[in-house]
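One structure is given below, encoded as structure tokens.
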Amino acid sequence: MFDGDFGNPASSSHVFGWEAEEHVENARVQLAQLIGADPLEIVWTSGATESDNLALKGLAEHYGSGHIVTSAYEHKAVLDTCEYLEKRDVRVTYVEPGSDGLISPKHVEDALEDDTFAVSIMHVNNEIGVLNDVASIGQICRDREVFFHVDGAQSVGKVPVRVEDLKIDMLSISGHKIYGPKGIGALYVRRAASIPLQAIIHGGGHERGLRSGTLATHQIVGIGAAAAICAEELDPEANRLRALRERLWSHLKQMPDVHLNGSDDQRIPGLINVGFGGVDGETLLMALNDVAVSSGSACTSATVEPSYVLRAIGVEDSLASASLRFTVGRFTTEEDVDFAAMRVADVVHTLRERRTSI
Ligand SMILES: *Cc1c(COP(=O)(O)O)cnc(C)c1O
């Protein structure tokens, strides 16, 4: 339908430009509605990675120096940005998650310093699926007049996110994490907060000067439609996914020496991370090539590095390498879950037998 949509949404002198602009603005409303924001508070970016960069570098650019509080198990888009800023004039405190995988609001508060200008804590951790209490952290930030950025790539579209209730000043969103296109995302920027955010990409002054460049009209239409579907199906889909996840876990936990990584109740519906004692992680993953699970760790050709997220929550290295991340989603069925559980049980059993027989 949009193949004929060649206009540039920034071209206001002809009808093709107006039509493109209308599609872009409609998508802005759709995404804003999903998070309870005003459409004027949405800045289109190329994805959550860019949104994280814009939020943190954009504030650091304004302040020049000072302090940021984040956590040790953020996505690399936040961690690498913080590391980059540390080479400038910014100091960073990395709060450690607890063994339940959650960030304690009290620990964030204790980390604040006089010149802290930003706190950045992810809503849901992408490897273990735990859901942080961002509303409490947000309240602390409001009381202390510190800007609060949240990486919401794993929470938006999966659990209810209302930016005002959660006291969020900036929220990173990714298109492909909500069944939309890749290469598109957004940063919510709270207007009432008067955030002195500076652009990191300069040019024609699009997106109220915060992100120059011709808008990716087709992808924006896609993320808008994806947001509308998520908003409509959020509750029933969450219930369905929670049931599937519980079904999977009830199969897996019948085996001995099986561990759920992270809190068992404060989490999103569709993701669990499970450690299997007494097996080699790499062999486990290789043997499961017909099940789409991931280790959540950086694989190089020769070795599997245990995940920094699991390390941060205190999982010992051998169990961390033998941990698998299971996700159930919009297209997962009960049969898929039963098949995956059966394959995992077979493989884990075989590997353990082989070990004891050597
Ligand atoms: C996927 C993800 C990102 C990166 O999103 P892109 O849109 O791929 O750039 C950032 N943070 C978290 C928590 C993610 O899960």
Side-chain angles (χ1 to χ4, degrees), residues 27 31 34-35 42-58 68 70-84 94-95 97 101-103 118-134 137 148-159 161 166 168 170-188 200-201 207 211 213 215-216 218-220 222-224 226-227 230 241 261-262 266-273 292-298 307-310 312-313 325-329:
L31 187 62
L34 181 62
I35 61 168
I42 301 293
V43 175
W44 298 120
T45 65
S46 62
T49 300
E50 187 188 326
S51 302
D52 289 345
N53 273 265
L54 173 57
L56 297 175
K57 287 182 190 163
I68 293 176
T70 185
S71 83
Y73 74 167
E74 293 296 311
H75 190 274
K76 290 287 182 190
V78 167
L79 290 180
D80 288 359
T81 300
C82 285
E83 200 176 299
Y84 165 84
Y94 299 89
V95 173
L102 297 167
I103 303 296
V119 167
S120 179
I121 299 291
M122 68 201 317
H123 197 180
V124 168
N125 180 275
N126 48 304
E127 279 190 37
I128 57 177
V130 295
L131 184 68
N132 280 315
D133 178 7
V134 296
I137 299 171
F148 183 35
H149 167 250
V150 173
D151 182 335
Q154 295 285 339
S155 63
V156 171
K158 301 189 172 77
V159 292
V161 173
L166 297 176
I168 294 171
M170 292 184 282
L171 178 72
S172 298
I173 301 167
S174 168
H176 65 105
K177 304 292 173 68
I178 63 169
Y179 301 92
K182 297 176 179 68
I184 184 72
L187 182 68
Y188 156 80
I200 57 173
I201 294 178
E207 298 297 277
R211 206 285 191 173
L215 291 173
H218 297 69
Q219 272 110 313
I220 291 172
I223 192 178
C230 283
L241 294 182
N261 294 317
Q266 216 170 311
R267 55 171 54 256
I268 50 164
L271 165 57
I272 50 173
N273 189 307
V293 289
S294 66
S295 66
S297 52
S307 135
Y308 70 93
V309 171
L310 295 178
I313 69 168
R325 177 185 184 272
F326 296 85
T327 56
V328 292

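Numbering of ligands and ligand atoms starts at 1, following listing order. Please read all numbers here as calculations on a predicted model, not as lab measurements.
Proximity of a side-chain donor or acceptor of Asn125 to a complementary backbone N or O of Gly101 within less than 3.5 Å is not detected. Formation of a donor-acceptor pair under 3.5 Å by the Asn132 side chain with backbone atoms of Ile103 is found in this model. Although no hydrogens or angles enter the test, the distance criterion places a donor-acceptor pair under 3.5 Å between the side chain of Ser51 and the main chain of Ala186. For Arg325 (side chain) and Gly129 (main-chain N/O), no donor-acceptor pair under 3.5 Å exists by modelled atom type.
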Output, or 'none' if empty, a list of ligand 1-protein atom pairs in which both atoms are N or O and the distance is under 3.5 Å, rounded to 0.1 Å.
{"from": "ligand 1", "atom 1": "7 (O)", "to": "Ala48", "atom 2": "N", "distance (Å)": "2.9"}
{"from": "ligand 1", "atom 1": "7 (O)", "to": "Ser174", "atom 2": "OG", "distance (Å)": "2.7"}
{"from": "ligand 1", "atom 1": "8 (O)", "to": "His176", "atom 2": "NE2", "distance (Å)": "2.8"}
{"from": "ligand 1", "atom 1": "9 (O)", "to": "Ala48", "atom 2": "N", "distance (Å)": "3.4"}
{"from": "ligand 1", "atom 1": "9 (O)", "to": "Thr49", "atom 2": "N", "distance (Å)": "2.9"}
{"from": "ligand 1", "atom 1": "9 (O)", "to": "Thr49", "atom 2": "OG1", "distance (Å)": "2.6"}
{"from": "ligand 1", "atom 1": "11 (N)", "to": "Asp151", "atom 2": "OD1", "distance (Å)": "3.3"}
{"from": "ligand 1", "atom 1": "11 (N)", "to": "Asp151", "atom 2": "OD2", "distance (Å)": "2.7"}
{"from": "ligand 1", "atom 1": "15 (O)", "to": "Gln154", "atom 2": "NE2", "distance (Å)": "2.7"}
{"from": "ligand 1", "atom 1": "15 (O)", "to": "Lys177", "atom 2": "NZ", "distance (Å)": "2.8"}

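In the model, Asp151 has no side-chain atom that pairs as donor or acceptor with a side-chain atom of Ser172 under 3.5 Å.
Applying the salt bridge (Lys or Arg N to Asp or Glu O under 4.0 Å) test to Glu50 and every residue at least two apart in sequence or in another chain returns Arg211.
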